[in-house]
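Lettering follows sequence order; numbering is per chain, from 1.
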There are 2 protein chains.
Amino acid sequence: MWGTDLDVPTIPREQCPVSDFFIRMGDKWSLLTLALLRERSYRFNELNRAVDGISQRVLTLTLRGLERDGFITRTVHPTVPPSVEYALTELGLDFMDQVNTLAMWALGRHADLTAARTRYDHPGRP
Amino acid sequence: MWGTDLDVPTIPREQCPVSDFFIRMGDKWSLLTLALLRERSYRFNELNRAVDGISQRVLTLTLRGLERDGFITRTVHPTVPPSVEYALTELGLDFMDQVNTLAMWALGRHADLTAARTRYDHPGRP
DNA sequence: CCGGATCCAGCGGGATACTG
DNA sequence: CAGTATCCCGCTGGATCCGG
C-alpha cells in the first residue's frame, strides 16, 4: 500500500489514496453502524439505541464522517417532529462486502492469533 | 461481523473473534512496519529510521503488540553490541496479503470517496 | 426528534533522558 | 544497540444541557 502495491511508505499518510478506507476498517463505531445499515435504513435515535454504548455526540460525528466519504446518505423528512433517515450507498455496500470478506478470513485465522497470544503471555508452557 | 456473517453486534467487542484483525488494519504504525518487514527482516534501529516519524517508544509498543499476536518474530542475537532481528511470520504474511487485496480495491474506489468528499465540502457546485 | 454547544476526564503518543 | 522510564500535552470520546 501507500503507493501502488508493496511500496515502501514515501507519501504522507494524508495523501495516501487508500488510507481512508483502512482507517474506516479500524473504526469501531463506523463498522457497527454500517453493519446495521446494511440490513435496512435507520433513523437517528433508532441507531442511537441499536448501536449499543455509543453516545449521541459520537454517533453524530460518525454519521457525518460516513456521509462525507459517501458511505451513507442522509435524508431529512420535513415532518413534525423531524425525521432523518440514514441509508447505505452503493459505495458503502461495496465497502461492507470487503469487510465481510475480511471477516471471513479473520475468523479462520483467529485461532492462530489467540494461540500466539497465549504463548506470549505464558512463556514456557504446553 | 461480530458473530459469523452479518450479525448485529451482540458480543462485547473484546470477545469478537475478528476485531483484533480489524484494529490492526486501522493502525497506522502496524501496517507501515509490516509493509517493511514483508520485504526483508529488520533490526530495531533500522526500523526506527525506516518507519519515518515513529518514536522509539511507540515502535517498541507496536512491535510488542505484533509479536504478541503472532504477526512477527523477535530474535535476539547475543552479540556485542546486541542485535535484535524482527521478521514476518506466516500469519503476518497472510495478513499482509489481505491488506494488499483490500488496498487494490480501495485504490479503485478512491475516486468515489474524494468525489463524495468534495461534494460534501462544497455544496451546490458542478 | 435530531442534533449542536460546552465542559471535562483519560490516555495515546511525542520528546527526552537514562540503562544493560 | 535496543530498549525502559518519565513527563507532558493534545485529542478523543463521555455526559449534560440547550435549541430548532
Side-chain angles (χ1 to χ4, degrees), chain A residues 9 12-14 19-20 22-34 36-37 40-69 71-87 120 123, chain B residues 9 12-14 19-20 22-34 36-37 40-69 72-87 120-121 123:
Chain A
R13 202 190 189 211
E14 296 69 36
S19 64
D20 294 310
F22 280 90
I23 291 171
R24 286 278 171 224
M25 284 278 170
D27 185 44
K28 183 180 173 183
W29 301 121
S30 290
L31 289 196
L32 281 171
T33 306
L34 291 174
L36 286 168
L37 290 176
R40 62 176 179 89
S41 63
Y42 274 78
R43 298 177 52 182
F44 184 84
N45 275 354
E46 243 183 336
L47 281 174
N48 203 28
R49 282 186 297 270
V51 183
D52 185 69
I54 198 172
S55 70
Q56 202 178 39
R57 197 178 81 98
V58 175
L59 177 59
T60 301
L61 293 175
T62 302
L63 291 172
R64 289 288 174 277
L66 291 173
E67 186 196 358
R68 187 169 110 96
D69 286 353
F71 289 95
I72 63 173
T73 58
R74 177 177 181 271
T75 313
V76 182
H77 296 102
T79 58
V80 270
S83 165
V84 181
E85 186 185 351
Y86 293 95
Y120 186 91
Chain B
R13 201 188 190 212
E14 295 68 37
S19 63
D20 294 311
F22 280 90
I23 291 170
R24 286 278 172 223
M25 284 277 168
D27 186 44
K28 182 180 173 182
W29 301 123
S30 290
L31 290 196
L32 281 171
T33 306
L34 291 174
L36 286 168
L37 291 176
R40 62 176 177 89
S41 63
Y42 274 77
R43 297 176 53 180
F44 185 84
N45 274 355
E46 243 184 335
L47 281 174
N48 203 32
R49 282 186 297 271
V51 183
D52 185 67
I54 198 172
S55 71
Q56 203 176 38
R57 197 179 80 98
V58 174
L59 177 58
T60 301
L61 293 174
T62 302
L63 290 171
R64 289 288 175 278
L66 290 173
E67 185 195 359
R68 187 169 110 96
D69 286 352
I72 63 173
T73 57
R74 177 177 180 272
T75 312
V76 182
H77 296 102
T79 57
V80 273
S83 165
V84 180
E85 186 185 350
Y86 292 94
Y120 186 91
D121 293 340

Chemist: Quick one: side chain to side chain contact (heavy atoms under 4.5 Å, CB included) partners of R74(B), sequence neighbours excluded?
Modeler: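 For R74(B), the residues satisfying side chain to side chain contact (heavy atoms under 4.5 Å, CB included) (neighbours in sequence not counted) are R64(B), E67(B), V76(B), V84(B), Y86(B).
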Chemist: Taking any atom closer than 4.0 angstrom to a non-hydrogen atom of chain B, what span of DNA chain D does the protein reach, first nucleotide to last?
Modeler: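 The protein-touched segment is dC1(D) to dT6(D).
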Chemist: Determine, stepwise, if the pair F22(B) / K28(A) fulfils side-chain contact (heavy atoms from CB on, under 4.5 Å).
Modeler: CA-CA 9 Å; F22(B) 280 90; K28(A) 183 180 173 183; over 6 Å; no
Chemist: Verify side-chain contact (heavy atoms from CB on, under 4.5 Å) between L59(A) and F44(A), making sure each step is shown before the conclusion.
Modeler: CA-CA 9 Å; L59(A) 177 59; F44(A) 184 84; 3.9 Å; yes
Chemist: In chain order, what residues pass the side-chain hydrogen bond (donor to acceptor under 3.5 Å, both in side chains) check against R57(A), with sequence neighbours excluded?
Modeler: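 So R57(A) forms no side-chain hydrogen bond (donor to acceptor under 3.5 Å, both in side chains) with any residue.
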Chemist: Kindly write out the residues that satisfy side-chain hydrogen bond (donor to acceptor under 3.5 Å, both in side chains) with S41(A), not counting sequence neighbours, or none if the list is empty.
Modeler: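 Counting only residues at least two positions away or on another chain, S41(A) forms a side-chain hydrogen bond (donor to acceptor under 3.5 Å, both in side chains) with E85(A).
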Chemist: Checking S83(A) now: which residues fulfil side-chain hydrogen bond (donor to acceptor under 3.5 Å, both in side chains) with it, not counting sequence neighbours?
Modeler: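 Applying side-chain hydrogen bond (donor to acceptor under 3.5 Å, both in side chains) to S83(A) gives R43(A).
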Chemist: Quick one, give me the B/S/- string for nucleotides 5-20 of chain C, reading 5' to 3', where B means a protein heavy atom under 4.0 Å from the base and S means that only happens at the primed atoms, P, OP1 or OP2.
Modeler: -B------BBB-B--B
Chemist: Separation of N45(A) atom CG from dG3(C) atom C1', in whole Å?
Modeler: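 Between C1' of dG3(C) and CG of N45(A): 9 Å.
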Chemist: Figure out the CD/C1' separation between E85(A) and dG3(C), and round it to whole Å.
Modeler: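 Spelled out: CD on E85(A) to C1' on dG3(C) is 17 Å.
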Chemist: Using five pairs at either end of the helix from dC1(C)-dG20(D) to dG20(C)-dC1(D), determine the angle between the two local helix axes and round it to 10 degrees.
Modeler: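 Roughly 40° between the end axes, to the nearest 10°.
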Chemist: Taking only residues two or more places apart in sequence, or in another chain, which ones meet T62(B) in a side-chain hydrogen bond (donor to acceptor under 3.5 Å, both in side chains)?
Modeler: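 In terms of side-chain hydrogen bond (donor to acceptor under 3.5 Å, both in side chains), with neighbours along the sequence ignored, T62(B) is linked to no residue.
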Chemist: What pairs with R49(B) under salt bridge (charged side-chain N to carboxylate O under 4.0 Å, His left out), at least two apart in sequence or on another chain?
Modeler: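 Salt bridge (charged side-chain N to carboxylate O under 4.0 Å, His left out) check on R49(B) returns nothing, list empty.
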Chemist: Quick one: is R64(A) getting a side-chain N or O under 4.0 Å of the dC2(C) phosphate, OP1 or OP2?
Modeler: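 No, R64(A) has no side-chain N/O under 4.0 Å of OP1/OP2 on dC2(C).
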Chemist: Got a sec, which residues hit salt bridge (charged side-chain N to carboxylate O under 4.0 Å, His left out) with E46(A), two or more places apart in sequence or on another chain?
Modeler: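 With neighbours one apart ignored, the set is R40(A).
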